There are 2 protein chains.
Amino acid sequence: MIDKNSHIPIYAQLENILLEMIESGDLKPGDMIPSENELSKKYSISRMTAKKAIDSLTIKGLVERTQGKGTYVCSIEKKIELPINRLRGFTQKVCEMGLTPENKVLAFEKMPCPKNICKILGIKEGESIWRMERVRQIDEVPAVFEESYISVKLLPNLKEKNLLKSKFDYIKSLGLEIGNSEREISAEIPSDYVASALKLKRNEPILLAENITYLKKGTVLEYSKIYYNQKKYKFKFIAEGN
Amino acid sequence: MIDKNSHIPIYAQLENILLEMIESGDLKPGDMIPSENELSKKYSISRMTAKKAIDSLTIKGLVERTQGKGTYVCSIEKKIELPINRLRGFTQKVCEMGLTPENKVLAFEKMPCPKNICKILGIKEGESIWRMERVRQIDEVPAVFEESYISVKLLPNLKEKNLLKSKFDYIKSLGLEIGNSEREISAEIPSDYVASALKLKRNEPILLAENITYLKKGTVLEYSKIYYNQKKYKFKFIAEGN
DNA sequence: GAGTGGTCTAGACCACCAA
DNA sequence: TGGTGGTCTAGACCACTCC
């Protein structure tokens, strides 16, 4: 079963063995997989090597580990669909569900604009900006972590309480017209800070969208980074054929 | 510097130390970071613990390791922009650059349709489908790995050579009109097979798009999974404000 | 208290790279 | 040949869960 003289590392071989057991249905969603001790005995390998194999399955999202309990094959949960090609996808979806989005504000501060963000927002170095961090959730389940930068000149009277509801609703209420957003999307391993804000384990990959949002008149309104929790949500849009 | 009695693991503390050295510019892109041996001596920790810290920086894309050479801070490379909201983003971009896309066909076979894919394609169980794997690249740099399923009934005369150029061009040449595609996007740790096809290291996160592509008349043309290489490419689209 | 995973160690052998 | 990272070991202590 495991060839210790193979050029393929033992942990990779064991990972493949477990993978096949999961894909073949030998191990079903919700089942506990053999413990590190069992595996190390069964295959005559060290516990650390067995752990490395299972850890790899963990970050791939196939199993879930709990200290004291064991390692279980992940269930295929029904995920909530969010349209990622709309700025207000989350707000819209939550409203459709008859709920209101809960926003937790983790940071709200006025600060001098750092060089790199000045360029993006098109303002002078040293000008004041708002820096905000929010977690947006439904039923205590975090959906997105949002880090956002807006010029103070544009929103001089912004208060933390305006962030508890839709930020764009507040902006619209000031008579500003919001245009489109350039969105760059990538897969990232988040910092421990972001991971814990989204209640995720270390080294789980997540979607990141970096956005430059414009006003209809063309000036830049906001630069933001949005981290999406894939555990409970899935992200869709339509790609055009032509 | 490192508190061995802290509830924060030593490897996480060391990772943060190195992270700050990189973010502060103390370690610049291209610089070699201290070796595992140096770090284990300096902080009186074991080499395995130092390795764990550096491995974490590796999957975050901050450093690159080479056996025999050392670990180096990643440079900020200029990436090629690909529009992810168009089915033919890659082909279009390559043409704009005055090149033709190079496609490598890794698999091309006729097979009975598995249950889950039957549902998606809207065909009967046991009907024949084409299963294809391609890597699409520019200058030997893989951009995307594509796994695709199409009913044989729709394309009875498909040949492997039709996959060397644009697949959609071939389909159009048959008089079929391609519509839009439902695209679900996620961040994933790829299998070792996909990672090596894209010339990536183990456990690096990548973007995955799962697509259901329709013909204009409404029937399903294709189910595909596209894995995007973020090392050299970045993926953009416009999100609508309203 | 028994079993689980989380961390850490000190040492080993290997493959790879550069000088 | 010496230094690097890649793998693996056998053992240790801990925190957690469940009974």
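Just so it is clear, the structure is predicted and the values come from calculations on it, not from any experiment. Here is how names work: the chains are called A, B, and so on, in the same order as the sequence lines, proteins then strands, and each is numbered from 1.
Atom OG1 of B:Thr71 is separated from atom CG of B:Leu27 by 11.0 Å, given to the nearest 0.5 angstrom. A distance of 13.0 Å separates CZ in A:Arg136 from CG in A:Leu198, rounded to the nearest 0.5 Å.
Between A:Tyr233 and A:Tyr228, the gap from one ring centroid to the other reaches at least 6.0 Å. Ring centroid separation for the pair B:Tyr149 and B:Trp130 does not come in under the 6.0 Å cut-off.
Side-chain contact between A:Thr49 and A:Leu14: absent, with no pair of heavy atoms (C-beta onward) separated by less than 4.5 Å.
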Residues 77-85 of chain A side chain polar contacts: donor-acceptor under 3.5 Å, at least two apart:
from, atom 1, to, atom 2, distance (Å)
A:Glu77, OE1, A:Lys232, NZ, 3.0
A:Lys79, NZ, A:Gln230, O, 3.0

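B:Glu204 and B:Lys231 are joined by a salt bridge, as a carboxylate oxygen and a charged side-chain nitrogen come within less than 4.0 angstrom of each other.
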At a cut-off of 3.5 Å, list every protein nitrogen or oxygen paired with a nitrogen or oxygen from nucleotides 2-5 of chain D, distance to 0.1 Å.
from, atom 1, to, atom 2, distance (Å)
D:dG3, N2, B:Gly68, O, 2.9
D:dT4, OP1, B:Ser35, OG, 3.3
D:dT4, O2, B:Gly68, N, 3.0
D:dG5, OP1, B:Thr71, OG1, 3.2
D:dG5, OP2, B:Glu36, N, 2.9

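Protein chain B contacts DNA chain C from C:dT7 to C:dA18, reading 5' to 3' and using non-hydrogen atoms of the protein with a distance under 4.0 Å.
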